[in-house]
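Along the sequence shown, the residues carry numbers beginning at 1. Computed from a predicted structure; not experimentally measured. Order of listing sets the numbers, starting from 1, for every ligand and every atom in it. For the numbers below, each heavy atom of this structure counts, side chains included, while hydrogens, waters and symmetry mates do not.
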Amino acid sequence: MESISVGLLGLGTVGSGVVKVIESHQDKLMHQIGCPVKIKKALVKEINKVRDVDIDTSILTLDPEEILLDPEIDIVVEVMGNIEETKEHLIKAITHKKHIVTANKDLMAVYGPELLTLASEHQCDLFYEASVAGGIPILRGLVDGLASDRITKMMGIVNGTTNFILTKMTKEGRSFDDVLSEAQALGFAEADPAADVGGLDSARKMAILSTLGFSMNIDLDDVKVKGITEVTEEDLQYAKQFGYIMKLIGYAHREGNRVEVSVEPTLLEESHPLSSVNDEYNAVYVYGEAVGETMFYGPGAGSLPTATAVVSDLVGVMKNMRLGVNGKSAVSPQFMKQLKEDDEIYSKHFLRLHVEDEVGVLSSITSVFSKNGASFEKVLQNPLGEEKRAEIVLVTHKTSLEGFERVLEELRDLKGVQFVKSTYRVEGGDA
Ligand code: NDP
Ligand code: HSE
């Protein structure tokens, strides 16, 4: 091969990073693949936009077909985002025998299996390392590094924007909106940051991770999702008082073929290793039956870290081209999934209640817990400014999700309880 031609769909935060990494690491790429890599065309929405990268504007185009149908382009790098329109572009590229590298978790969480099948039918590679946890090589870690093991649990911080927000709110007392604006300016957030703060971005990544890690088709709808939009400064303060740090945690657990996958704001013991993962950094714990505990850590978002993952995928495609083995690496899921019911899911829970400050309220709350087989590990009561009202904050021992939901339902109707202010899952500490 004289050179490899790449077509870029998108030249924003990640696309600009890809151009920079290819230019600045050309020597290393030459050494690994034996020929230069050239960006032939880049699809954008606006040709004359000021860009964060020095690029000859003659290679910019508004017409996707100039890339998708160009017989000289070997690999299409999709870093434009969106789902339906982008899926059509990728189908066209694959049917025209182009290999794909994408950073698009929105697309892969929904249409991944379909696109992977199509790609392998056309002897094309479809790699998507950058779609989960930015610069951390977690997908290769699962698929290749831990290929021999049986993975039973993955727990991690897989969204940079929300970790950035929670870190700054906790450590600097800044407001949610202020920190979100900074995350957007730094290029961490999605075009619509509702997907970040609502937990959907993490849910998409957990669907991808658990599909690969557990070798079963986990759909986005299988992931229980709660974001951080309702987290308040008081919640963070109470968490601190109890010795916890709040993180948006993706959790995937498998017992036999029964699995639970969720994303929710979770209180972690301060000593928990994920508690010290700050700012836009991500980390994923992976537990394998043979290897035990492993942890993958690194920058989860941002231009150059994400571009590193994209360009590493490009190198993977090019090595396969040299060996003539493209389209052969995807492995179809081995197991049928069975989702756990709520009575099979166990954890501790944090709970804040506003109550009438009267004799007997705490004891009737205790009765509701014991009636449902639950109990407290920690409890505190604070008088509120208003007359005869108090706040009760507690952490339960491990209890089933079903049992805890029953407790909440009964507490909402209990005399003396005004309302349930917030609840969060708690991880770490004793069993
Ligand atoms: P940006 O919004 O910064 O860039 C998107 C690029 O695609 C822009 O160049 C834009 O053109 C172009 N584009 C978008 N829609 C169209 C369209 N309909 N037709 C033509 N061009 C289009 O996004 P990011 O670079 O941040 O993200 C790209 C992808 O990477 C997304 O899937 C995202 O989820 C994923 N990702 C992002 C990470 C990050 O840290 N930002 C990390 C990991 C994954 P123009 O420049 O003219 O507006
Ligand atoms: N918006 C995403 C995040 C980008 O903040 O993690 C990386 O996938």
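A side-chain contact (heavy atoms from CB on, under 4.5 Å) with Phe176 is found for exactly one of Thr232, Ile228, Val231, namely Ile228. Evaluated for a side-chain contact (heavy atoms from CB on, under 4.5 Å) with Lys224, the options Ile345, Leu339, Val261 yield exactly one hit, Ile345. Just one of Val37, Ile100, Val317 meets the side-chain contact (heavy atoms from CB on, under 4.5 Å) condition when paired with Ile75; it is Val317.
In summary, the side chains of Gln334 and Ser215 do not present any donor paired with an acceptor at a separation below 3.5 Å, with no hydrogens or angles considered. Side-chain contact of Tyr238 with Glu391: a donor-acceptor pair under 3.5 Å is present, judged by distance alone.
Protein residues having at least one heavy atom under 4.0 Å from any atom of ligand 1 are Gly10, Leu11, Gly12, Thr13, Val14, Leu43, Val44, Lys45, Glu46, Lys49, Arg51, Val79, Met80, Gly81, Asn82, Glu85, Ala103, Asn104, Lys105, Ala130, Gly187, Glu190, Ala301, Gly302, Thr306, listed by chain and number. When heavy-atom distances to ligand 2 are checked against 4.0 Å, the residues falling inside are Lys105, Asn159, Gly160, Thr161, Phe188, Ala189, Glu190, Asp196, Asp201, Lys205, Gly300, Ala301, ordered by chain and number.
The shortest heavy-atom contact between Val407 and Ala374 is CG2-CB, 4.4 Å.
Checked against the 6.0 Å centroid threshold, Tyr244 and Phe350 do not count as a close aromatic pair.
Geometrically, Arg254 engages Phe335 in a cation-pi contact, judged by NZ or CZ lying under 6.0 Å from the ring centre and within 45° of the ring axis.
Checked for salt-bridge contact, Lys348 and Glu427 miss the test: no charged N lies under 4.0 Å from a carboxylate O.
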